Number of protein chains: 2
Amino acid sequence: MAREIKLKLAPALKASCHTCSLSNLCLPLAVEENQLDRLEDIVEQGHIYNRGEHIFDQDTPFRSCLAVRSGAVKTSIITENGSEQVTGFFLPGELIGLDSLGGERYACTAKALERTSVCKFPTEKLEELTRAMPELQHHMYQLMSREIQGSHQLAMLLSKNSAEERIAALLLSLSSRFQRRRMSGTKFSLPMARSDIANFLGLAVETVSRVFTRFQNQGIIRTQGREVELLDMETLRGAIPESNRQSSRARP
Amino acid sequence: MAREIKLKLAPALKASCHTCSLSNLCLPLAVEENQLDRLEDIVEQGHIYNRGEHIFDQDTPFRSCLAVRSGAVKTSIITENGSEQVTGFFLPGELIGLDSLGGERYACTAKALERTSVCKFPTEKLEELTRAMPELQHHMYQLMSREIQGSHQLAMLLSKNSAEERIAALLLSLSSRFQRRRMSGTKFSLPMARSDIANFLGLAVETVSRVFTRFQNQGIIRTQGREVELLDMETLRGAIPESNRQSSRARP
DNA sequence: TACCCATATTGATTCCTGTCAAGCTTGTAC
DNA sequence: GTACAAGCTTGACAGGAATCAATATGGGTA
């Protein structure tokens with residue numbers, strides 16, 4: 001039950017898309033400078049969630065797509081028999097809810113992996129706006145089609161690659177995504193638990209753990225809990241068969 | 001190199017969306033009767049492909065989304081190292097190319113599994129039309145989000161279920177999709193080869209073969225080459241853990 | 001500071017499924 | 001009608017990862 005904390009921001013503090021540092025990654029990317037106001041008109045900023053809080057729950061009415069502003073989010077689907085499948089990890093600038101767009105209810109559950117701030121784009125207003133702004137509509141189609149492609153890549157990774165290859169691919173994906181966000185691409189902190197990684201990659205937690213230590217013993221990476229340092233990117237890239245070698249998520 | 005055969009249709013024969021028997025499955029589903037003309041204005045009908053012919057190729061310029069009119073299509077992505085991943089099978093009324101929408105080039109290759117007829121919706125015109133027709137845009141978003149969901153379901157199937165469960169899920173998916181098309185849901189002919197099934201489900205061909213005979217020995221199905229008859233739907237449904245129990249593709 | 005529970009690591013064992021290898025079947029082309 | 005090739009089935013075997021089990025670590029809290 002997402003106990004949501006709404007910050008009341010003074011008008012002066014109201015961070016706008018104009019000044020947002022993520023504007024080159026997020027939706028504003030597709031919008032002309034002089035049209036940004038229209039996007040700002042519909043966005044709800046300043047929703048904060050603490051680590052572990054649910055941002056929205058599967059099967060509840062679909063209200064908005066949302067962009068991560070800071071922090072990290074994981075999405076997952078949960079089946080009737082209670083088993084969970086992690087469907088994605090989202091970093092600042094990435095858009096959540098595309099798998100629900102056009103539907104009545106959220107197709108997955110979104111959970112904050114750490115203290116996270118999000119911007120919400122109410123669906124109806126977003127759909128309306130995309131009708132008025134061809135570039136924005138085009139961009140939405142592009143984001144969605146890339147999500148489909150990413151999902152296909154994941155399916156390929158799951159069905160054709162070994163545990164080591166899957167984990168290497170995830171590390172490299174995170175690496176390039178962090179880098180694009182002007183953070184280190186070689187030394188970062190994993191926002192998710194081992195069990196989330198395992199679930200996402202279709203492995204047992206024990207296997208994930210084993211591969212991490214194996215990589216460490218081989219001098220490919222260095223880990224200390226959730227802190228990882230990629231020491232030998234080349235070998236890491238070599239571990240995956242030169243497909244699946246893209247950032248796997250929205251690449252604006 | 002898709003050697004495409006274009007049929008020149010006499011104006012009188014020009015099958016329209018108005019009279020198409022698939023109009024309750026395909027795009028017309030989202031369009032008011034009196035607006036159907038606008039969709040007909042942009043659709044190119046009567047493209048026929050023979051079994052094995054490529055309908056479009058990965059990385060070639062993305063021109064149109066297309067709807068299967070008759071026959072069956074498989075889509076796949078091919079990596080630099082030449083390995084293939086089948087990403088979907090498409091039956092009449094289903095839309096291909098959503099994973100490329102908004103992009104410059106086709107994200108996958110589409111191949112006719114049998115003699116197949118398709119309708120083409122040129123991208124630019126389609127995007128334009130969706131801007132003019134809110135219900136159509138909404139429907140497009142819905143189709144794409146369902147494609148994402150289906151892909152997530154597939155990922156779950158691949159990462160959590162056994163060979164038997166995966167094959168049972170595919171058979172049930174095909175069953176319900178055939179049924180929705182007013183064909184038998186218990187006795188049908190598989191449009192794809194064992195190797196395609198294997199590739200799609202992340203299995204070896206031999207494993208697919210073995211599971212088919214195992215199911216047959218258990219009296220769950222009967223097979224004769226590509227002909228299958230589902231004898232015990234309940235057991236088949238029981239084979240999959242009551243998730244993944246939807247049609248897995250566009251469910252208009 | 002010390003405790004506690006969730007998270008992570010390590011070890012031993014089992015088994016599903018891939019791989020290699022060999023027939024078999026079917027459909028098509030000559 | 002026959003022959004070939006592609007597709008499919010069956011068997012034997014090995015290996016990677018899951019599972020079961022136990023221990024270690026660490027962050028948060030009293």
Side-chain angles (χ1 to χ4, degrees), chain A residues 50-53 74 83-86 111 113-115 156-171 189-218 221-228 239-241, chain B residues 50-53 74 83-86 111 113-115 156-171 189-218 221-228 239-241:
Chain A
N50 283 318
R51 175 192 172 121
E53 278 187 337
K74 92 167 180 195
S83 79
E84 181 186 19
Q85 168 73 38
V86 175
K111 198 174 174 183
L113 289 170
E114 48 193 63
R115 190 170 172 79
M156 175 149 68
L157 196 68
L158 293 176
S159 72
K160 297 204 173 6
N161 297 124
S162 68
E164 294 195 352
E165 290 164 339
R166 296 183 210 181
I167 288 173
L170 178 62
L171 288 176
S189 167
L190 295 171
M192 74 294 279
R194 296 283 189 277
S195 55
D196 292 326
I197 296 178
N199 188 303
F200 180 64
L201 295 177
L203 299 169
V205 206
E206 295 92 327
T207 305
V208 174
S209 214
R210 271 185 259 269
V211 171
F212 268 79
T213 54
R214 213 178 301 159
F215 278 173
Q216 178 143 241
N217 292 338
Q218 295 174 334
I221 66 172
R222 202 147 50 87
T223 53
Q224 171 61 249
R226 294 193 179 185
E227 299 299 318
V228 291
I240 59 175
Chain B
N50 284 318
R51 176 192 173 123
E53 277 187 336
K74 94 168 177 193
S83 79
E84 181 186 18
Q85 168 72 41
V86 175
K111 198 174 172 182
L113 288 170
E114 49 194 61
R115 191 171 171 80
M156 175 148 70
L157 196 67
L158 292 177
S159 73
K160 297 203 171 8
N161 297 125
S162 67
E164 294 195 352
E165 289 164 339
R166 297 183 208 181
I167 289 173
L170 177 63
L171 288 176
S189 167
L190 296 171
M192 74 294 280
R194 297 283 190 276
S195 56
D196 291 325
I197 296 178
N199 188 304
F200 180 64
L201 295 177
L203 299 169
V205 205
E206 295 91 328
T207 305
V208 175
S209 211
R210 271 185 260 268
V211 171
F212 268 79
T213 55
R214 212 178 301 159
F215 279 173
Q216 177 144 241
N217 292 338
Q218 294 172 335
I221 66 173
R222 202 147 50 88
T223 54
Q224 170 62 247
R226 294 192 179 185
E227 299 298 319
V228 291
I240 59 175

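Both backbone and side-chain heavy atoms feed into the values below; hydrogens, waters and symmetry mates do not. Here the structure is a predicted model, which means the values were calculated and not measured. Here is the naming used below: chain letters follow the sequence lines, and residue numbers restart at 1 for every chain.
- Distances from the side chain of A:Thr213 to the nucleotides C:dT10, C:dA8, D:dG11 place C:dT10 closest.
- Both A:Glu206 and B:Gly225 lie close to DNA chain D; mapped to their nearest nucleotides by heavy-atom distance, the more 5′-ward contact belongs to B:Gly225.
- With distances taken from any side-chain atom of A:Thr207 to the nucleotides C:dG11, C:dT19, D:dA18, the minimum falls on D:dA18.
- Within the nucleic acid shown, A:Gly52 has no heavy atom closer than 4.0 Å to any nucleic acid atom.
- Position along DNA chain D of the nearest nucleotide to A:Gln224 versus B:Ser195 favours B:Ser195 as the more 5'-ward residue.
- Put simply, CD on B:Glu114 is 15 Å from P on C:dG27, counting in whole angstrom units.
- Between the side chain of A:Asp196 and the backbone N or O of A:Lys74 there is no donor-acceptor pair closer than 3.5 Å.
- Between B:Arg194 atom CZ and D:dT10 atom C1' there is a gap of 14 Å when expressed in whole angstrom units.
- Remark: P of D:dG16 and CG of A:Leu201 are 19 Å apart, rounded to the nearest angstrom.
- Sparse packing is recorded around NZ of A:Lys111, with 12 or fewer heavy atoms of other residues, nucleotides or ligands lying under 6.0 Å away.
- Here C:dT17 presents its P atom at 8 Å from CD of B:Glu164, a figure rounded to the nearest Å.
- In this structure, the CD atom of A:Glu227 is 13 Å from the P atom of C:dA8, given to the nearest Å.
- Between B:Leu158 atom CG and C:dC16 atom P there is a gap of 19 Å when expressed in whole angstrom units.
- Comparing B:Gly202 and B:Arg51 by the nucleotide of DNA chain C whose heavy atom lies nearest to each, the residue mapping closer to the 5' end is B:Gly202.
- We find that CE of B:Met192 is positioned 18 Å from C1' of D:dA6, with the value rounded to whole Å.
- Looking at B:Glu227, its side chain never comes within 3.5 Å of a backbone N or O of B:Gln224 through a donor-acceptor pair.
- B:Arg226 has a side-chain polar atom (N or O) that falls below the 4.0 Å cut-off from OP1 or OP2 of D:dC8.
- Judged purely by atom type and a 3.5 angstrom limit, A:Gln216 uses its side chain to pair as donor or acceptor with the backbone of A:Thr223.
- For the pairing with B:Ser159, the side-chain contact (heavy atoms from CB on, under 4.5 Å) check across A:Leu201, A:Leu203, A:Leu158 returns one residue only, A:Leu158.
- At whole-Å resolution of the value, CZ in A:Arg210 and C1' in D:dT23 are 14 Å apart.
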